[in-house]
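Here the structure is a predicted model, which means the values were calculated and not measured.
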Amino acid sequence: MSTERRKPYPFDYIEPKWQAYWEAQQTFHTPNPGEPGFDPAKPKYFVLDMFPYPSGTGLHVGHPVGYLATDIIARYKKTRGFNVLHPMGWDAFGLPAEQYAIKTGQHPAVTTAQNVAGFKGQLQRIGLGYDWQREVNTTDPGYYRWTQWIFLQIYGSWFNPETQRAEPIATYKGDNPDSVRLAYVAEAAVNWCPELGTVLANEEVVDGKSEVGGFPVIRKPMRQWMLRITAYAQRLIDELEGLDWPIGIKLLQQNWIGRSEGAEVHFTVDGSGENITVFTTRPDTLYGATYMVLAPEHGLVDRIVTEEQLAEIEAYREKTARKSDLERTELAKEKSGVWTGAFAINPVNHERIPIWVADYVLLGYGTGAIMAVPAHDERDWEFARKFALPIREVVSETPRLGFSGESPCSAEPLECFVGEGYAVHSGPLDGLPTFDAKAEITRLLEAQGLGRKTINFKLRDWLFSRQRYWGEPFPIIWEDGQHRALRETELPLHPPELADFKPTGTGEPPLARAHDWVQYRPTHHERGTDRTSAVFPLPSLGVIEGAEMDGPVVTRETNTMPQWAGSCWYYLRYCDARNSERFVGREAESYWMKGPLPAAGSQSDPTATRLGTGGPSSADRAGSQSDPTATRLGTGGPSSVDRAGSQSDPTATQLGTDGPSSADRAVLGTGPRATQPSPGGVDLYVGGTEHAVLHLLYARFWHKVLYDLGHLSTPEPFQRLVNQGLMLGEDGQKMSKSRGNVINPDDVIAEYGADALRCYEMFMGSLEATKPWSMNGVEGVSRFLARVWRLAMEENQAGEWELSPAVVDIAPDKAQLKVIHATIKKVGEDIEALSFNTAISQMMIFVNTFTNANPRPRTALRTLLQVLNPFAPHLTEELWERLGFEEGDTRPLATEPWPVYDPALLIEDEIEMPIQVNGKVRDKIIVKKDATKEEIEAAARGSAKIAEWTAGKEIKKVVVVPGKLVNIVV
RNA sequence: GCCGGGGUGGCGAAAUUGGCAGACGCGCCAGACUUAGGAUCUGGUACCGCAAGGUGUAGGGGUUCGAGUCCCCUCCCCGGCACCA
């Protein structure tokens, strides 16, 4: 390569200078309520990034996309007079960090510290304006102390079905509190990953492989800690509604939780006292049940299998057990199963139907048993065809009368019909449409104690323990086979020092190797924790005169918590990161997490009222964007119409949403509702879609538990969520080391500067879109920044940059004023709308306009620097300083109020209007801005070109849209 | 299979309630300034056509004075779920 290219402007000097200045001045530190410098008159804005795992490989250019979006918003909101909370931290526990440590042969604490330093350096070189005083690290004892504390809150509570919320376990009146705790130990078939040496949550298993590393996962029965997230299933669905999240993410969560309405039906096993309960969403097809299927692992199989069938059943069960989840899905195409030899009695028609075992029925869903209705279920159909089981039609697509008397199996249907229709061959249900048939059969079953209406969820309880070293130890000890909580005063519980922290591979956690740590002898005041109390005894209650000093030796829990534990609440810790008394101070929490005030318009633009000239500006849009009704779920079709209807006229809803869709809506819980007050929470959360059902679901769950227990002021953590798109490599492929297409931001910064990196990433397309990297694109944006620089600066004979003599204190002309004010308006509005690419293009138009202006009005340049500042903070700070300060200016530019535009300057006296003939533009005319329809039409008819085009034809119609166009129809 | 999101120049992309398709940038072409240009500035650049003009937003149909935008059907790409009873 040739010599180093000349820098188009001295970013290599400017950028470190201003980064050091911000650090020294703590420009982006935001005080909490009650702290020095806090201004209670300002509204708050909490803008959050998904904090990274500090991996060893560092950031690539895809990571900062979201960080840049939030940085621009944060800087902008600050200039609009908000108290902005914009923090960063490290999700440093968990598999990636530990895998890296094992690979490099170092202790994870060492590699984590190195990686954090590396990441932080990279983020700072990009010029991100975080409040580093609030930095958190999940592996810091001062942090995980509270993660453990929150776990104990969960452990110490239960979900009261009466109140539909978590309550201290003391309010539970049953005799076995351990059966209802939100954190409990259970023996269950779990996802065991031999390669990683740990169990994994369902959410961490993708296509039968571990999400981290892609290793095979098998089912294995193990004793594990579980969190009872299923108790919150309904609320986790319902309370999505008020959130301003992408519809896709809401649906993803909804589908993951998987609510379905149906019925439980009890069948008896012929000749034994046993019962089989099934779950079905189609109780109306009960008369068409011609056999039953149990999951291979179902406990009843052993009790009902006949002697003749025993060997075959055992063989089948063993074969199924050996299959990994992956094999089981791969082999899903071909149905398999074995008859148990037993029969069940259909409760409604008392028919004797065979009971089979087949692996297409899953133990984990419903009751692990089904009634099979082959005529109306694809899977049952396939199975029945393969094993020659009877198929009976009980739903007809069209109404048919007089079928009841017919022999039930006389007409075997030719194909499987899964839709809704009308009941046939179904006794009392005959003729009823499916919807009514479901209701009727459920009523009949309930009346006879044969079944009941039920709601079933796909969501499973959260498998919360891991057999790994690098995670939070459980604050739990075991005594006489019973678990109990450590006291609050014993936290944090540090992990033991271990020379060998690799997984054991046997399922026993590595912490078990630390014998001295595991053997635990509580001192007198640590004993006697009341296991039924959620509130741990205060230390002052613990000291009892003359009590024994040493208790019996007990053992510690040796599992650790999963990666997600720390990330479930980090946003709360940011609110009060240094609090050593509480996980977050009450005042700080309620200040930063509270919802917006009712008057959205006034609060989102405090500067407008102060300066009194803002008018109906961009800020009003911000208000409407965060309107919680705007992104309601499930409103297919003209949502604005039925929204209006539901609010202003309750009857409109009833009339307007007839038909099957209303039922679906009810199921989803998304029917029209009145606008709810904002649930509050983080004002803007930006991150990738990969956390749609992991972090975002877990965090909501923890948040709700803490809210129920009175520790938090809002029921939801994240009010508004935006997903940034994926950054592809220059070859259009996903960036990866193996493809060799990874771009390191440090290299881009070295060549073009951080401001160019920032502006390019924001200019390349919409925030949410997937987009490929292009170095040529960076070059283009770099040129734009250099042009900005040269608007103010020029090079002298000695090759030094000095203030350009073209910059003088004159008033901009009319055309310039229009560009200036249009730019203020558009950039502000575009930032509010997260449309950063169009904001930058407007600033390019500004620069193009002024590039050849000589002289150049100083005020114009100053305005440009103000609106460009959130995007290119280093360059603009430098020029702001060099252009000199005016009275009333603050420094740095980062704290200067956002400029105010004058709408009057944007209105043209005369406007150009296209004239169409039959929809095609044929001429353009200039008319006064307030010209009447008649005047415009007359002018259009007066055009010579139009006369040509309409010559000899009859003008049938003239459409005049003032301010837009004229269309003449001939 | 089901559920989302998409498909606009050579490329990245713009386009309030339906109202001049392609803003802005890259690339390319030409010019200016220059010892020089991988610097800078100016102009041009959807496609076909010398032009007048015609054609164009994945494809087909529809509504409308007017459709990238609304409705119906089809195709393709990306993401998610996937025997969920």
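At a threshold of 4.0 Å, the pair R259(A)-E261(A) counts as salt-bridged, since one of the basic side-chain nitrogens sits closer than that to a carboxylate oxygen. With respect to E334(A) and K386(A), a salt bridge is recorded, a charged nitrogen being found less than 4.0 Å from a carboxylate O. For E937(A) and K933(A), the salt-bridge test fails: no basic side-chain N is under 4.0 Å from an acidic carboxylate O.
Atom CZ of R282(A) is separated from atom P of C83(B) by 20 Å (rounded to the nearest Å). Whole-Å rounding puts the N848(A) CG to U40(B) P distance at 13 Å. Spacing between atom CD1 of I925(A) and atom P of G19(B) amounts to 19 Å, rounded to whole angstrom units. G12(B) atom C1' lies 15 Å from atom CD of E779(A), rounded to whole Å. Between the C1' atom of G80(B) and the NZ atom of K250(A) lies a distance of 18 Å, rounded to the nearest Å. Going from atom CD of E378(A) over to atom C1' of C2(B) covers 12 Å, rounded to whole Å. The CD atom of Q842(A) sits 14 Å away from the C1' atom of G25(B) (whole-angstrom rounding). In this structure, F457(A) places its CZ atom 20 Å from P of C81(B), rounding to the nearest Å.
Glycosidic conformation of G9(B): syn, with the torsion inside 90° of 0.
When distances run from any side-chain atom of F279(A) to the nucleotides C24(B), A85(B), G54(B), the shortest one goes to A85(B). Taking the side chain of I845(A) as heavy atoms from C-beta on, and the options G25(B), G4(B), A23(B), the nearest nucleotide is A23(B). Of all nucleotides listed (C20(B), G4(B), G53(B)), C20(B) comes nearest to the side chain of K924(A). Among G5(B), A13(B), G80(B), the nucleotide with an atom closest to any side-chain atom of L252(A) is G80(B). Distance from the side chain of V959(A) is smallest to G19(B) among C41(B), G25(B), G19(B). When distances run from any side-chain atom of T851(A) to the nucleotides C24(B), A85(B), C41(B), the shortest one goes to C41(B). Taking the side chain of T838(A) as heavy atoms from C-beta on, and the options C83(B), A14(B), G25(B), the nearest nucleotide is A14(B). With distances taken from any side-chain atom of M844(A) to the nucleotides G12(B), C41(B), C24(B), the minimum falls on C24(B).
Within the nucleic acid shown, N967(A) comes within 4.0 Å of at least one base atom, counting heavy atoms only. Counting non-hydrogen atoms under 4.0 angstrom, N852(A) reaches the backbone sugars and phosphates but no base.
Between F387(A) and the options W356(A), Y360(A), Y291(A), a ring-ring contact (aromatic ring centres under 6.0 Å, His included) holds for only W356(A).
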For RNA chain B, the dot-bracket pattern of Watson-Crick and G-U pairs whose distances stay under 3.5 Å, | for other-strand partners
(((((((..(((......[....)))((((((.......))))))(((....)))..(((((..]....))))))))))))....
